[in-house]
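Counting starts at 1 for both ligands and their atoms, in listed order.
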Amino acid sequence: MIKNPENKYIPFVPLKMEHRAWPDKEITQPPIWCSVDLRDGNQALVDPMNLEEKLEYFHTLVDIGVKEIEIGFPSASETEYEICRELIDGGHIPDDVTIQVLVQARPHLIKKTFEAIQGAKNVILHFYNSTSTLQRKVVFHMDMDGITKIATDAADLIYEMSKPMLEQGMNLRYQYSPESFMGTEMDYAVEICQAVLEHLHATPENKVILNLPTTVENCMPNYFADEIEYFISKLTSRDCAIISLHPHNDRGEGVATAEMGMLAGAERIEATLFGNGERTGNVDMVTLAMNMYIQGVDPKLDFSNINKIKEMYERCTKMKVGERQPYAGELVFTAFSGSHQDAINKGTQYMEESHSDKWEIPYLPIDPADVGREYEPIIRINSQSGKGGAAFVMQHTFGFDLPKAMHPEFGNIVQVETDRVGTELKPERIFELFRENYIDATKPYELVRHSFAEFTDEEGHSHVTFAGTLRHTDTTFQVQGSGNGPIDAFFNAIHGQKMDRFTFVDYKEHAIKQGSDSQAVAYIHLQDEDGKDWFGVGMSHNINLAPLKGILSAINRAAKD
Ligand code: KIV
Ligand code: ZN
């Protein structure tokens with residue numbers, strides 16, 4: 001990089017606007033969506049899509065609900081022409097979908113394009129020429145009138161060539177793009193677009209789409225919105241036009257440009273899935289649509305199975321959707337950080353307890369289930385994760401609802417392991433640590449055999465007697481005791497033994513289903529004479545036995561320590 005970029009780069013000069021209305025507007029309805037995946041997206045690929053891939057992509061766009069699809073540039077190559085014909089002749093285009101074909105404002109290409117669309121039901125013929133100051137200077141060496149003449153001559157030819165098609169019943173509409181609009185003097189952009197509207201005989205009944213591209217994104221989205229508001233206010237035949245935007249993403253602001261442009265009056269957006277397209281791509285249709293969705297506006301596009309769409313996209317384009325891509329990236333619904341995990345956990349609990357219909361979970365702007373991502377782990381564990389994260393995984397992946405008091409201890413066990421290995425721990429490894437540390441803590445004290453006797457007296461009080469054989473390494477010994485329940489009886493039975501240095505603090509038990517097998521799991525909280533907490537976990541098909549195993553698990557863990 002150079003020290004004085006001002007010596008090299010020409011900054012964008014914003015319009016002088018005294019008043020602007022767009023900042024006070026809201027997006028309350030979706031735009032008319034047009035996909036340019038099969039044209040702008042395709043022409044930016046290292047290996048452009050073949051016929052099969054384009055067809056599969058086309059059908060996916062139809063399934064998503066896109067009603068206007070730019071299928072290519074049929075005059076550009078034989079392949080493009082063939083694809084257009086196959087779509088039409090092969091009956092791939094539903095009656096409510098309009099195909100759009102792109103052509104430069106050049107007579108022989110326009111003629112070839114008319115050949116390519118024969119027999120289609122609904123067509124948008126999209127023609128363009130470049131209008132910016134820079135392109136006029138370095139590419140076309142032409143003044144404004146010369147550039148306007150290219151556009152209006154093309155409009156005249158298109159209008160004439162359309163007549164037989166319209167007579168045959170084709171629903172043929174027109175779209176004009178002043179390519180590099182963002183670098184065009186706004187008054188000139190208005191002038192050329194107004195001329196095109198007139199040459200195409202646009203009326204409020206037969207509107208022409210004026211597609212205003214940021215061919216190369218060159219300014220902040222607010223400046224662009226000013227331009228759109230200005231452009232619309234100056235266009236004499238505003239009611240004869242549909243204002244469309246075609247944002248690229250060179251500054252990484254394509255989505256904001258589209259959103260602010262809509263506030264400024266744009267009614268239609270040309271976009272691609274996941275923002276594929278030239279250089280940094282076109283604006284991402286998924287992000288734009290889902291941004292509306294989470295503001296409570298139905299985008300009228302269906303991304304309920306984003307993973308399937310992503311898989312198709314990656315296979316057909318051979319491009320990758322990044323892990324952080326909004327709504328679709330592999331990691332966008334995942335929290336590694338402890339404080340985020342804790343807040344998500346609390347949000348999940350709040351939603352369960354409040355039975356609220358509203359989505360109110362911190363750090364998750366959208367319910368992953370709405371885009372078909374409910375089966376992926378939200379909380380993943382590495383060295384950045386907190387104490388509650390491991391408990392969340394135990395609960396949501398394996399159904400073990402650890403008592404709150406136990407979270408720090410188990411979280412610590414997991415953290416020691418993440419620090420040791422230095423990588424993420426998969427849920428299976430977390431479960432292994434849980435098993436090794438708690439359920440498998442069956443030595444040195446083992447319960448060899450036991451029996452319970454229970455009776456209830458006239459006042460309804462329960463009396464339980466426990467008798468059992470315990471083993472400590474090679475020594476077995478008998479114990480017996482009574483109490484008001486199995487845990488009390490067992491504690492009284494081990495009274496006087498070496499293991500008798502704990503007080504019982506708390507206990508929690510629930511059923512757990514693993515496959516077709518249902519078991520009880522008991523979490524036991526003991527405290528030793530030094531006030532140190534010890535947790536144990538027992539599992540059994542017998543709900544009386546699970547807590548006893550849990551007590552021995554806690555005692556064994558203390559003995560090992
Ligand atoms: O980016 C662009 O300007 C285009 C036009 C052809 C609309 O793709
Ligand atoms: Zn483009």
Side-chain angles (χ1 to χ4, degrees), residues 31-45 48 66 68-77 80 84 98-106 109-110 113 124-136 138-140 147 150-151 154-155 158 173-184 186 188-189 192-193 196 200 208-219 221 224 227-228 231 241-255 257-258 261 266-285 288 317 319:
I32 301 164
W33 297 105
C34 173
S35 148
V36 290
D37 295 74
L38 301 177
R39 196 277 298 172
D40 221 352
N42 188 52
Q43 73 188 35
L45 296 176
V66 186
E68 296 183 1
I69 302 175
E70 189 163 271
I71 57 169
F73 206 144
S75 62
S77 72
E80 288 282 285
C84 179
T98 300
I99 54 164
Q100 178 167 308
V101 282
L102 180 73
V103 62
Q104 280 171 3
R106 296 172 69 185
L109 299 179
I110 292 172
T113 306
I124 296 170
L125 198 132
H126 175 193
F127 68 109
Y128 73 96
N129 67 327
S130 203
T131 56
S132 67
T133 328
L134 180 65
Q135 293 254 13
R136 292 197 315 265
V138 306
V139 182
F140 297 101
I147 296 289
I150 293 175
I158 288 168
R173 293 186 286 141
Y174 313 122
Q175 170 167 324
Y176 171 66
S177 292
E179 205 236 40
S180 59
F181 163 84
M182 76 299 150
T184 306
M186 271 311 109
Y188 176 56
I192 190 168
C193 287
V196 167
L200 288 172
V208 166
I209 302 166
L210 291 178
N211 186 48
L212 311 176
T214 54
T215 304
V216 178
E217 190 175 59
N218 65 340
C219 68
F224 184 72
E227 292 190 333
I228 298 300
F231 176 92
I242 293 172
I243 304 299
S244 174
L245 303 182
H246 176 102
H248 278 269
N249 194 37
D250 298 78
R251 298 165 52 94
E253 294 168 337
V255 168
T257 295
E267 304 146 286
R268 183 180 185 270
I269 300 285
E270 295 197 340
T272 58
L273 297 180
F274 311 114
N276 184 33
E278 296 281 11
R279 306 178 307 281
T280 49
N282 290 71
V283 67
D284 172 14
M285 183 183 278
L288 255 181
T317 63
M319 299 282 289

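- Among protein heavy atoms, the minimum distance from atom 3 (O) of ligand 1 is reached at T215 OG1, 2.6 Å.
- Near P213, with a cut-off below 4.0 Å to any heavy atom, the atoms of ligand 1 are 2 (C), 3 (O).
- In this structure, CG on L38 lies 11.0 Å from OG1 on T317, to the nearest 0.5 angstrom.
- Between the side chain of E278 and the main chain of D40, no donor-acceptor pair closer than 3.5 Å is present.
- Looking at atom 4 (C) of ligand 1, its nearest protein heavy atom turns out to be H246 NE2, 3.4 Å.
- Scanning all protein heavy atoms for the shortest distance to atom 7 (C) of ligand 1 gives S177 OG, 3.6 Å.
- In terms of polar-atom proximity, defined here as any N/O pair under 3.5 Å, H248 does make such a contact with ligand 1.
- For the pair H126 and ligand 1, the shortest N or O to N or O distance does not fall below 3.5 Å.
- Around the Zn ion (ligand 2), the protein N, O or S atoms closer than 2.8 Å are D40 OD2, H246 NE2, H248 NE2, listed by chain and residue number.
- Residues E68 and R173 are paired through a salt bridge, judged by an N-O separation under 4.0 Å between the basic side chain and the carboxylate.
- Rounding to the nearest 0.5 Å gives a distance of 11.5 Å between CG of N282 and CD1 of I269.
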**Asked** Please walk me through it: do F127 and Y176 pass ring-ring contact (aromatic ring centres under 6.0 Å, His included)?
**Response** CA-CA 5 Å; F127 68 109; Y176 171 66; 5.1 Å; yes
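- With values rounded to the nearest 0.5 angstrom, E80 atom CD is found 10.5 Å from T113 atom OG1.
- Taking 4.0 Å as the cut-off, R39 counts as a neighbour of ligand 1 on heavy-atom distance.
- Under the 4.5 Å side-chain criterion, counting only non-hydrogen atoms from C-beta, D250 is not in contact with T214.
- For Q175 and S244, the side-chain atoms include no donor-acceptor pair closer than 3.5 Å.
- For the ring-ring contact (aromatic ring centres under 6.0 Å, His included) test, no residue two or more places apart in sequence or in another chain qualifies with F73.
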